[in-house]
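Below is one structure, written out as structure tokens, with a few remarks after it.
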Amino acid sequence: MLLGFKRDYRLGQGYDVHAIAEGLPMWLGGVKVESPKGFVAHSDGDVAIHALCDALLGALALGDIGHLFPDTDPQYKGIDSKILLDKVMRLVWRDGWRVCNADITIALQAPKIAPLVPQMRETLAKIMEVGPERVSVKATTTERLGFVGRGEGCEVWAVVMLQKRS
Ligand code: MG
């Protein structure tokens, strides 16, 4: 046990999907992916950050990002999802929690994003104010099966563990 933290933990999981279309930017894990296609969304469409935010909110039973940042609200049009993650982290910190670790799995057929994983881990860890060793990002395809395999969308699962400060 780390000094200054209680043995009070919360586990959260998040899930998100965005459709893929031509000519849109592709942001994943806070990093710009070079691709002729991108994600259809009200925000910048960073489906990995959205799943992570939902995991953080889920751990504290604070609802979900659709509830917190409604896509009917023009202030969130095209917003950088890193700002949304920062807003969610403020709720986590406000209530005296910190991130123990996060584990994110991104299912995307193309392009290959494995080379960007270290940068995603650094980017997300910095916003959550933890070391990158506490943030895992895994990239997989679905072997051309399903909507992900046909290149129609991207699917992301995230799990986080939070620990209460004493
Ligand atoms: Mg989303």
Side-chain angles (χ1 to χ4, degrees), residues 10-99 102-111 113 116-117 119-130 135-142 146-162:
R10 298 285 171 83
L11 187 64
Q13 67 99 23
Y15 169 74
D16 199 21
V17 170
H18 278 264
I20 293 172
E22 293 279 353
L24 292 171
M26 183 179 281
W27 286 91
L28 266 177
V31 173
K32 181 85 186 288
V33 179
E34 284 309 318
S35 169
K37 298 177 181 181
F39 302 129
V40 180
H42 184 70
S43 67
D44 68 1
D46 193 324
V47 56
I49 288 188
H50 297 175
L52 178 59
C53 286
D54 269 0
L56 291 161
L57 293 169
L60 300 177
L62 291 174
D64 57 66
I65 55 166
H67 173 81
L68 237 62
F69 314 113
D71 62 10
T72 48
D73 189 332
Q75 70 169 305
Y76 301 121
K77 178 109 183 74
I79 195 170
D80 180 344
S81 293
K82 292 189 282 297
I83 295 169
L84 303 182
L85 177 58
D86 183 69
K87 286 178 186 283
V88 168
M89 284 309 301
R90 283 169 202 281
L91 297 176
V92 171
W93 293 321
R94 178 197 70 187
D95 292 345
W97 298 88
R98 67 144 198 170
V99 171
D103 187 14
I104 300 164
T105 302
I106 302 169
L108 180 69
Q109 193 63 44
I113 53 166
L116 298 172
V117 161
Q119 201 185 333
M120 291 179 192
R121 292 177 58 206
E122 287 279 351
T123 303
L124 300 175
K126 198 171 170 192
I127 300 168
M128 294 191 287
E129 297 190 355
V130 295
V135 181
S136 159
V137 175
K138 310 190 297 297
T140 185
T141 70
T142 60
F147 70 87
V148 170
R150 291 189 297 271
E152 295 167 6
C154 178
E155 198 170 25
V156 180
W157 297 263
V159 177
V160 298
M161 177 79 82
L162 302 182

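Values in this document were obtained by computation on a predicted structure and should not be read as measured data. Keep in mind that the numbers below use all heavy atoms, side chains included, and drop hydrogens, waters and symmetry copies.
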**Prompt:** Can you say whether the rings of His18 and Phe39 are parallel (under 30°), tilted (30 to 60°) or perpendicular (over 60°)?
**Reply:** tilted
**Prompt:** Minimum heavy-atom separation for Ile65 to Asp54, with atom names?
**Reply:** N-OD1, 2.8 Å
**Prompt:** Do Asp44 side-chain atoms and Ser81 backbone N/O form a donor-acceptor pair below 3.5 Å?
**Reply:** yes
**Request:** Take atom CD of Gln13 as the centre, draw a 6.0 Å sphere, and report whether it contains more than 12 heavy atoms from other residues, nucleotides or ligands.
**Result:** no
**Asked** Cut-off 3.5 Å, side chains only: do Asp103 and Ser136 have a donor facing an acceptor?
**Response** yes
**Message:** Which heavy atom of Ile106 sits nearest to which heavy atom of Cys154, and what is that distance?
**Reply:** CG2-SG, 3.8 Å
**Request:** Could you tell me the separation between the CG atom of Leu28 and the CD1 atom of Ile49, rounded to the nearest 0.5 Å?
**Result:** 9.0 Å
**Request:** Give the minimum heavy-atom separation between Val40 and Ala21, together with the two atoms involved.
**Result:** CG2-CB, 3.7 Å
**Prompt:** Is there a side-chain contact between Leu52 and Met128 (heavy atoms, below 4.5 Å)?
**Reply:** yes
**Message:** To the closest 0.5 Å, what do you measure between CD1 (Ile127) and CG (Leu84)?
**Reply:** 10.0 Å
**Message:** Is it true that, when you exclude Lys126 itself, more than 12 heavy atoms of the residues, nucleotides or ligands shown sit nearer than 6.0 Å to its NZ?
**Reply:** no
**Message:** Does this structure show an ion pair linking Asp86 with Arg90, if we count only N-O contacts that are shorter than 4.0 Å?
**Reply:** yes
**Asked** Rounded to the nearest 0.5 Å, what separation is found between the CG atom of Leu56 and the CE atom of Met89?
**Response** 6.0 Å
**Item:** Interatomic spacing from NE2 in His50 to OG in Ser43 - rounded to 0.5 Å
**Value:** 3.0 Å
**Item:** Min side-chain heavy-atom separation Thr141-Val148 under 4.5 Å
**Value:** no
**Item:** Full working for side-chain contact (heavy atoms from CB on, under 4.5 Å) between Val92 and Leu60
**Value:** CA-CA 8 Å; Val92 171; Leu60 300 177; 4.1 Å; yes
**Asked** OG of Ser35 to CD1 of Ile20: how many Å apart, nearest 0.5 Å?
**Response** 7.5 Å
**Request:** Of all the heavy-atom pairs spanning Val17 and Tyr15, show the shortest one and how long it is.
**Result:** CG2-OH, 3.0 Å
**Request:** Check whether any side-chain heavy atom of Met26 sits under 4.5 Å from a side-chain heavy atom of Pro111, and report yes or no.
**Result:** yes
**Asked** Could you walk me through whether Thr123 and Met120 pass the side-chain contact (heavy atoms from CB on, under 4.5 Å) check?
**Response** CA-CA 5 Å; Thr123 303; Met120 291 179 192; 5.7 Å; no
**Asked** Counting N and O atoms only, with roles assigned by atom type, does the side chain of Asp46 sit under 3.5 Å from a partner on the main chain of Gly30, one being a donor and the other an acceptor?
**Response** yes
**Message:** Closer than 3.5 angstrom, by distance alone: can the side chain of Arg121 be matched with the main-chain N or O of Val135 as a donor-acceptor pair?
**Reply:** yes
**Item:** Leu91 versus Leu68, closest heavy-atom pair with distance
**Value:** CD1-CD2, 3.6 Å
**Request:** Show your working on side-chain contact (heavy atoms from CB on, under 4.5 Å) between Val159 and Leu11 and close with a plain yes or no.
**Result:** CA-CA 7 Å; Val159 177; Leu11 187 64; 3.8 Å; yes
**Minimum heavy-atom distance between Thr142 and Gly149, given as atom pair plus value** = OG1-N, 3.1 Å
**Request:** Please step through side-chain contact (heavy atoms from CB on, under 4.5 Å) for the pair Phe69 and Val88, ending with a clear verdict.
**Result:** CA-CA 10 Å; Phe69 314 113; Val88 168; 4.0 Å; yes
**Prompt:** Quick one: CG on Asp71 to NE2 on His42, what's the gap to the nearest 0.5 Å?
**Reply:** 6.0 Å
